[in-house]
Amino acid sequence: MIFGIDLGTTNSLICYLKDGKPEAIPNAMGKVLTPSVVGVDDTGTVFIGAAARERLYKFPNLTAHSFKRLMGTKQSIKLGAREYKPEDLSALVLRALKSDAEAYLGVEVKDVVISVPAYFNDNQRKATKLAGQLAGLNVLRLINEPTAAALFHGIQDYEAAAKFLIFDLGGGTFDVSILEKFDGIMEVRATGGDSFLGGDDFTQVLVSLFAEKASLSYAQKQNPSTLSAIRFVAENAKRSFSEQPQITLDVIIDGVQKSALIHLDEYEAACKGLLDRLRTPIERALRDARLRVSDLDELVMVGGATRMAIIRKLVTQLFGRLPARYIDPDQTIALGAAVCAGLIDRNIVFDEVVLTDVCPHTLGTEVIDYDYQNNPVGLTFLPIIERNIVVPASRVQSVLTAHDGQTQLSIRVFQGESRDCSKNVLLDTIEIDIPSKPKGEISADIRFTYDINGMLEVDVDVEKANIHKSLIISKLGAHVDPEELEERRKVLAALKIHPRDQEENRYLVERAERLYEQSLGERRNTVRLVLTQFISVLEKQDLLEIKKARDAFNMALNSLESEGIW
Ligand code: AMP
């Protein structure tokens with residue numbers, strides 16, 4: 001069986017096909033969403049998911065979140081005594097999904113399709129694949145998130161022809177895709193986005209507004225624990241903005257209660273810069289697809305952040321209509337990834353569905369630029385595969401030697417849209433020794449082949465010298481040295497992971513610890529009492545009693561939280 005995974009900035013989930021229908025698999029806590037949060041405690045035990053998310057409040061330095069935003073970079077995240085790469089942390093989340101799904105279904109989870117933002121560049125895709133390998137998974141395909149969403153949306157009624165736009169705003173990324181569906185064929189016409197723009201940025205605006213209104217000192221604004229406490233409250237408050245026009249944020253800072261009342265209008269004005277950034281990729285995708293807004297039959301909203309009232313308002317203004325609301329924005333992508341798994345597996349149910357996708361970024365190389373009198377004037381980008389070409393695609397361009405006696409060709413492979421290569425992403429370089437000849441006598445054919453996973457293969461042919469060189473920029477895992485992979489996998493395997501079957505108990509304890517810190521006076525005392533009571537039951541290790549106590553403890557915490565924190 002092949003599984004579909006959405007490795008999200010905020011939450012992740014895994015789905016499978018049950019009787020031909022995609023279905024989400026609950027985790028060890030019985031929930032389908034596993035927060036993409038990893039934490040360690042002072043014994044070195046690693047937590048993944050809801051318990052780790054609760055620890056964010058108290059232990060920001062021992063908890064990592066939103067690391068999807070760092071995928072493909074060389075940055076490390078320090079947790080306790082250890083440094084983790086973003087793909088290590090993602091691997092821990094994937095491993096939790098894998099082991100929870102295995103416990104739930106009783107079968108091994110090995111082959112998977114993982115979704116990635118369409119706008120992820122090659123480095124970010126490579127890192128995602130590596131995370132899968134580190135988690136012991138066989139990543140058969142990376143599917144673009146909006147394509148996965150479209151696939152799920154499309155199979156609901158795949159006979160009906162339609163052009164639709166998928167607006168996907170997750171925790172850390174924004175993707176927009178335009179698709180056309182006809183005769184069971186799903187064709188991605190164009191895709192665009194911003195891989196550094198998501199719901200987290202909208203939370204950050206609220207954090208800044210609070211800091212300003214509550215007149216925090218410079219030291220308080222710089223303090224990671226204070227910021228983490230504000231962010232926690234702001235995250236929940238942001239959700240309330242979906243239902244009410246004003247919110248009050250209350251945070252205890254240095255033992256003092258600080259409050260700020262914020263109106264939706266004011267918040268919307270503060271988010272103007274972010275809202276403007278959402279427009280550009282939409283306009284470009286429409287241009288690339290050669291469509292007008294009025295040509296679209298439907299608008300599909302995906303990603304948790306599309307629940308925000310200000311986002312819905314923007315979308316309604318941009319498109320002059322209300323978006324389709326009937327699909328669950330949190331689960332759509334993973335469900336679509338499971339449909340994609342069914343296509344790979346040749347599941348009979350999807351016999352008549354064909355999916356085509358496009359390449360999100362332009363791929364090319366760097367060449368010397370000449371003016372109209374043929375004088376060299378510097379370097380420029382030479383696009384070979386242009387963005388939004390249907391994949392798989394293969395294109396060739398010829399280049400000539402630029403100097404007399406040149407003995408080497410250095411072919412640099414870039415991804416991006418700028419004429420200036422330094423503003424694009426350098427993917428790799430191919431060096432080729434060539435025989436010394438007068439300028440322009442040796443020509444090389446550079447062929448780029450881009451596959452359905454968003455992976456690029458570069459072939460260079462220098463016919464006169466009978467040289468052929470091929471570079472696979474990132475075929476499934478080929479780029480990682482197997483020894484290094486094994487080494488890193490061993491390090492992760494040796495980590496002490498908090499037992500998944502005790503996840504819920506730990507989550508409740510961490511939640512109560514957080515509530516204790518957030519409360520004052522009588523409420524704080526109540527939290528202490530229920531927490532001590534629950535811990536004493538845990539110590540007795542009587543499973544039935546623990547279950548009973550857990551339900552009571554959960555109810556007590558729910559009621560304390562619903563009353564507010566004072
Ligand atoms: P995703 O990565 O798709 O899980 O999206 C997570 C983002 O959605 C986070 O930034 C959340 O703050 C945001 N989000 C989830 N639910 C809501 C809601 N009800 N209102 C506003 N934002 C939400």
Side-chain angles (χ1 to χ4, degrees), residues 4-12 36 66 68-69 71-72 113-125 128 141-154 163-180 186-202 274-275 277-289 291 296 298-308 311 314-315 318-319 323-324 327 329-337 340 355-362 387-388 391 415-417 453-454:
I5 294 181
D6 172 7
L7 182 60
T9 309
T10 318
N11 292 302
S12 296
S36 308
S66 301
K68 179 170 173 178
R69 302 187 90 157
M71 290 289 267
V113 172
I114 303 182
S115 60
V116 286
Y119 227 57
F120 253 20
N121 66 32
D122 197 77
N123 293 338
Q124 293 165 306
R125 285 169 195 266
T128 307
R141 180 157 314 166
L142 296 177
I143 182 169
N144 290 331
E145 285 169 5
T147 308
L151 207 45
F152 178 67
H153 178 72
K163 294 188 187 70
F164 51 101
L165 183 140
I166 311 249
F167 182 104
D168 174 5
L169 189 65
T173 55
F174 173 53
D175 271 336
V176 48
S177 286
I178 297 169
L179 284 102
E180 188 166 359
M186 310 267 288
E187 183 180 291
V188 181
R189 295 272 303 261
T191 154
D194 186 332
S195 44
F196 295 97
L197 175 60
D200 289 0
D201 299 293
F202 289 85
L274 296 177
L275 294 172
R277 274 173 64 193
L278 291 169
R279 289 171 191 263
T280 321
I282 298 174
E283 287 161 1
R284 201 173 80 176
L286 279 166
R287 253 198 322 272
D288 285 356
L291 290 177
L296 297 171
E298 255 176 82
L299 270 177
V300 181
M301 305 286 271
V302 184
T306 58
R307 290 203 170 95
M308 291 169 67
I311 298 295
L314 174 86
V315 168
L318 280 178
F319 297 98
I327 33 183
D330 295 321
Q331 293 188 26
T332 313
I333 291 169
L335 292 167
C340 176
L355 172 71
T356 70
D357 209 339
V358 292
C359 154
H361 302 271
T362 300
R387 69 166 188 263
N388 289 324
V391 292
Q415 184 170 50
E417 308 305 326
N453 292 306

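Numbers here are sequence positions counted from 1. Source: prediction; values computed, not measured.
At least one donor-acceptor pair closer than 3.5 Å links the side chain of R125 to the backbone N or O of F120. Between the side chain of T362 and the backbone N or O of R387 there is at least one donor-acceptor pair closer than 3.5 Å. Formation of a donor-acceptor pair under 3.5 Å by the R189 side chain with backbone atoms of I178 is not found in this model. Formation of a donor-acceptor pair under 3.5 Å by the T306 side chain with backbone atoms of G303 is found in this model. A donor-acceptor pair under 3.5 Å is formed between the side chain of Q124 and the backbone N or O of N121.
Side-chain contact between L151 and I143 is present, with at least one heavy-atom pair separated by less than 4.5 Å. At a threshold of 4.5 Å between non-hydrogen side-chain atoms, the residues F174 and I282 count as touching. Using a 4.5 Å heavy-atom threshold, the side chains of I166 and D175 count as separate. In this structure, the side chains of V302 and E145 stay at 4.5 Å or more apart for every pair of heavy atoms. Two residues are said to be in side-chain contact when any heavy atoms from C-beta on lie closer than 4.5 Å; T147 and T191 fail this criterion. Taking the side chain as every heavy atom from C-beta outward, L142 and T128 approach each other to under 4.5 Å. Taking 4.5 Å as the limit, some side-chain heavy atom of D330 sits within range of a side-chain heavy atom of R307. Using a 4.5 Å heavy-atom threshold, the side chains of V116 and N144 count as touching.
Residues P281 and G192 approach most closely at CB-C, 4.2 Å, considering heavy atoms. When all heavy atoms of D201 and F196 are compared, the closest pair comes out as OD2-O, 3.7 Å. Shown here for M301 and P323, the closest heavy-atom pair between the two residues is CG-CB, 3.3 Å. Contact between T9 and G172 at its shortest, heavy atoms only, is OG1-N, 3.3 Å. Scanning all heavy atoms of the two residues, the minimum distance from D6 to S115 falls at CA-OG, 3.4 Å. Closest of all the heavy-atom pairs between H361 and G416 is CB-N, 4.4 Å.
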Checklist line | Trace of the side-chain contact (heavy atoms from CB on, under 4.5 Å) decision for L286 with L296 | finding: CA-CA 10 Å; L286 279 166; L296 297 171; 4.2 Å; yes

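Distance check, rounded to the nearest 0.5 Å: NZ of K68 to CG of D200 gives 11.0 Å. Considering CG of D168 and OG1 of T173, their distance stands at 6.0 Å, rounded to 0.5 Å. Note that NZ of K163 and CG of L179 are 12.0 Å apart. Values are rounded to the nearest 0.5 Å. Taking OG of S36 as the reference point, atom CG of L7 lies at 6.0 Å (rounded to 0.5 Å). Atoms CZ and OG, on F164 and S177 in that order, are 10.0 Å from each other to the nearest 0.5 Å. F202 contributes atom CZ, which lies 4.0 Å from atom CD1 of I311 (distance to the nearest 0.5 angstrom).
Residues meeting the side-chain hydrogen bond (donor to acceptor under 3.5 Å, both in side chains) test with D194, sequence neighbours left out: R277.
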